[in-house]
Number of protein chains: 2
Amino acid sequence: MANSSTTEEEQPADADVFLAIAHPIRRRILDRLARDDLTVTQLAAPFAVSRPAISQHLRVLREAGLVAERRQGRERRYSLQPQPLAEVSDWIHQYDHFWRTRLAALSNYLDEQDEQDEQDEHAEQEQ
Amino acid sequence: MANSSTTEEEQPADADVFLAIAHPIRRRILDRLARDDLTVTQLAAPFAVSRPAISQHLRVLREAGLVAERRQGRERRYSLQPQPLAEVSDWIHQYDHFWRTRLAALSNYLDEQDEQDEQDEHAEQEQ
DNA sequence: ATTATACGTAAGCAATTCCTTACATGTCAA
DNA sequence: TTGACATGTAAGGAATTGCTTACGTATAAT
C-alpha cells in the first residue's frame with residue numbers, strides 16, 4: 001500500500017530503468033534514438049518483430065522515462081530522454097574502484113609470477 | 001548461428017549481463033559482494049526470500065560471469081567478478097555525449113532566460 | 001556411525017514477459 | 001466523404017521468471 005512516491009504524479013514515476021534496458025530490442029531502440037528522433041514505423045522497420053511489438057517496447061521505455069513522444073500529424077516522433085540512465089551509470093560507477101583494485105591485484109599476481117620465473121633479472125627492457 | 005564468439009568455450013559464455021542485473025535482489029547481492037566475499041547463508045540472511053531463491057539468483061549471476069564461487073569445506077564463498085559489467089558501462093557511456101549535449105541545451109535555454117530577464121548585466125563574478 | 005549444517009537442484013505454480021492478430025482512433029489525401 | 005496511413009491497445013497464448021517446498025549430497029561435529 002504505502003508505495004514508492006506520494007508526490008510524483010506528474011512524472012510517470014519511472015518504472016525500473018534496469019528492467020527497461022534489459023531487453024536487447026529496447027536497447028537498440030535507444031541506440032537509434034541517440035542518433036535521430038524517429039517515428040514508430042521508422043523504428044519498427046529494421047526489427048524482426050511486428051509493429052505493435054515495438055509499440056509495446058516503446059511503452060516500457062516511456063514508462064521508464066527513457067523516451068518522450070511528440071505528436072506530429074498522424075505520426076508520433078520519439079526522442080531519447082537519457083536522464084534515467086544516470087541511475088544505471090551511478091550504480092555501475094560504484095564498481096570502478098573495485099575494478100581497478102582487481103586489475104591491480106591481477107597485475108601484482110603476474111608480477112610475482114614473473115619474479116618467480118626470472119628470479120634474478122635486472123634489465124627490464126622488454127615490455 | 002554465427003554468433004558472438006567462436007573462441008569462448010572455457011568461460012561460460014556470459015549469459016546476458018543486462019538481464020542478470022535487472023533484478024533488484026541480484027544487484028543487492030553484487031553490492032554486498034563488493035564489500036566482502038560471502039557464503040550463501042550469509043548472503044541470504046538479509047533478504048525476505050528463501051535460501052534456495054538466493055541460490056537461484058546466484059546461478060544467474062554465475063552464468064553471467066559476475067560472481068565466482070570457491071568451495072571452503074561445506075561452505076561456498078562467493079566473490080564479485082566485475083569484468084562483465086564493462087559491457088554495461090560501455091553501453092551507458094555511449095550516452096555520455098548525448099547527456100552533456102542535453103544538459104548544455106538546458107543550460108543554454110536557462111542562460112537565454114537569464115538574458116531576457118536581466119538583459120544588461122556585465123559583472124560575471126558568481127560561479 | 002550418526003547427526004547437523006551448507007548448499008545445489010528438481011518440481012510445481014502464479015505471475016509476468018513478449019509476441020501475435022484484431023480492432024479502434026485519429027489524421028492526411030483524393 | 002471515403003479510403004489509406006500511423007499508431008495505440010486489447011485479447012490470447014507460449015515461454016520465462018521467481019518463488020516455494022522437498023530432497024540429494026557433501027562436509028563437519030559428536
Side-chain angles (χ1 to χ4, degrees), chain A residues 1 3-4 12-33 36-81, chain B residues 12-33 36-81 84:
Chain A
M1 304 287 177
N3 213 340
S4 46
D14 62 343
D16 208 333
V17 181
F18 285 92
L19 274 179
I21 66 170
H23 196 290
I25 288 188
R26 290 197 288 265
R27 285 198 301 280
R28 292 215 284 148
I29 288 177
L30 295 179
D31 289 344
R32 295 183 53 221
L33 289 180
D36 286 299
D37 295 0
L38 295 170
T39 67
V40 178
T41 306
Q42 290 173 329
L43 278 171
F47 293 111
V49 299
S50 69
R51 203 234 351 118
I54 299 299
S55 266
Q56 285 158 17
H57 283 306
L58 284 171
R59 172 158 55 178
V60 174
L61 293 171
R62 216 184 309 125
E63 287 174 353
L66 284 165
V67 301
E69 102 186 6
R70 67 176 186 280
R71 315 195 48 161
Q72 276 187 335
R74 54 181 163 182
E75 301 177 342
R76 304 197 184 189
R77 193 159 300 264
Y78 279 82
S79 57
L80 180 63
Q81 219 70 26
Chain B
D14 62 343
D16 207 333
V17 181
F18 286 91
L19 274 179
I21 67 168
H23 196 291
I25 288 188
R26 291 197 287 266
R27 285 199 301 280
R28 293 216 285 148
I29 287 177
L30 294 178
D31 289 343
R32 295 183 52 219
L33 289 181
D36 285 300
D37 294 0
L38 294 171
T39 67
V40 179
T41 306
Q42 290 172 330
L43 278 171
F47 294 110
V49 299
S50 70
R51 204 236 346 122
I54 299 299
S55 267
Q56 286 158 17
H57 282 306
L58 286 171
R59 172 158 55 176
V60 174
L61 293 171
R62 216 185 307 127
E63 287 173 354
L66 284 165
V67 300
E69 101 184 7
R70 67 175 185 282
R71 316 196 46 160
Q72 277 187 336
R74 56 182 161 179
E75 300 177 342
R76 306 198 182 189
R77 193 159 299 263
Y78 279 83
S79 57
L80 179 63
Q81 219 72 25

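Note on naming: letters A, B, ... go to the chains in the order of the sequence lines (proteins, then strands), and numbering restarts at 1 for each one.
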Here the distance between atom P of D:dG18 and atom CD of B:E63, to the nearest Å, is 13 Å
field: Base C:dG26 to side chain A:R76, donor-acceptor N/O within 3.5 Å cut-off
entry: no
Item to check | B:I54/B:I25 under side chain to side chain contact (heavy atoms under 4.5 Å, CB included): CA gap, chis, key distance, verdict | outcome: CA-CA 8 Å; B:I54 299 299; B:I25 288 188; 4.1 Å; yes
Closest to the 5' end of DNA chain C, once A:L19 and A:A48 are matched to their nearest nucleotides, is A:L19
Here the distance between atom C1' of C:dT5 and atom CZ of B:R77, to the nearest Å, is 15 Å
Item checked: Presence of donor-acceptor pair under 3.5 Å, side chain of B:R26 and base of D:dG18 -> no
From CZ of A:R74 across to P of C:dT27 the rounded distance in Å is 11 Å
It should be established whether A:H57 places a side-chain nitrogen or oxygen under 4.0 Å from OP1 or OP2 of nucleotide C:dT17. no
Below 4.0 Å: OP1/OP2 of C:dC7 and any side-chain N or O of B:S55: no
key: Under 3.5 Å donor-acceptor pair, A:Q72 side-chain atoms to C:dT27 base atoms   = no
Here the distance between atom P of D:dT17 and atom CZ of B:R59, to the nearest Å, is 11 Å
From CD of B:E75 across to P of C:dG8 the rounded distance in Å is 11 Å
When rounded to whole Å, the NE2 to P distance for the pair B:H23 and C:dA15 reads 16 Å
Closest to the 5' end of DNA chain C, once A:V60 and A:R71 are matched to their nearest nucleotides, is A:V60
For a 4.5 angstrom cut-off between non-hydrogen side-chain atoms, does B:L33 reach B:L43?
yes
Closest to the 5' end of DNA chain D, once B:S50 and A:Q56 are matched to their nearest nucleotides, is A:Q56
Between B:Y78 and C:dA6, is there a contact of a side-chain N or O with OP1 or OP2 at under 4.0 Å?
no
In whole angstroms, the gap separating P of C:dT17 from CG of A:L61 amounts to 14 Å
So, A:R32 side chain and A:Q42 main chain: donor-acceptor pair closer than 3.5 Å or not? yes
#### Entry: Side-chain donor/acceptor contact of A:E69 with base of D:dT7 under 3.5 Å
no
- Query: At under 4.0 Å between heavy atoms, what does A:I25 touch on the DNA or RNA strands: base, sugar-phosphate, or nothing?
  - Reply: sugar-phosphate
Decide whether a cation-pi geometry holds between A:R27 and B:F18; the criteria are a distance under 6.0 Å from NZ or CZ to the six-membered ring centre and an angle within 45° of the ring axis. yes
Would the distance check show the side chain of B:R26 and the main-chain N or O of B:A20 forming a donor-acceptor pair, the cut-off being under 3.5 Å? yes
Quick note, A:V49 side chain, CB onward, closest among C:dT20, D:dG8, D:dT20 is C:dT20
Atom CZ of B:R70 and atom C1' of C:dA6 are separated, to the nearest Å, by 16 Å
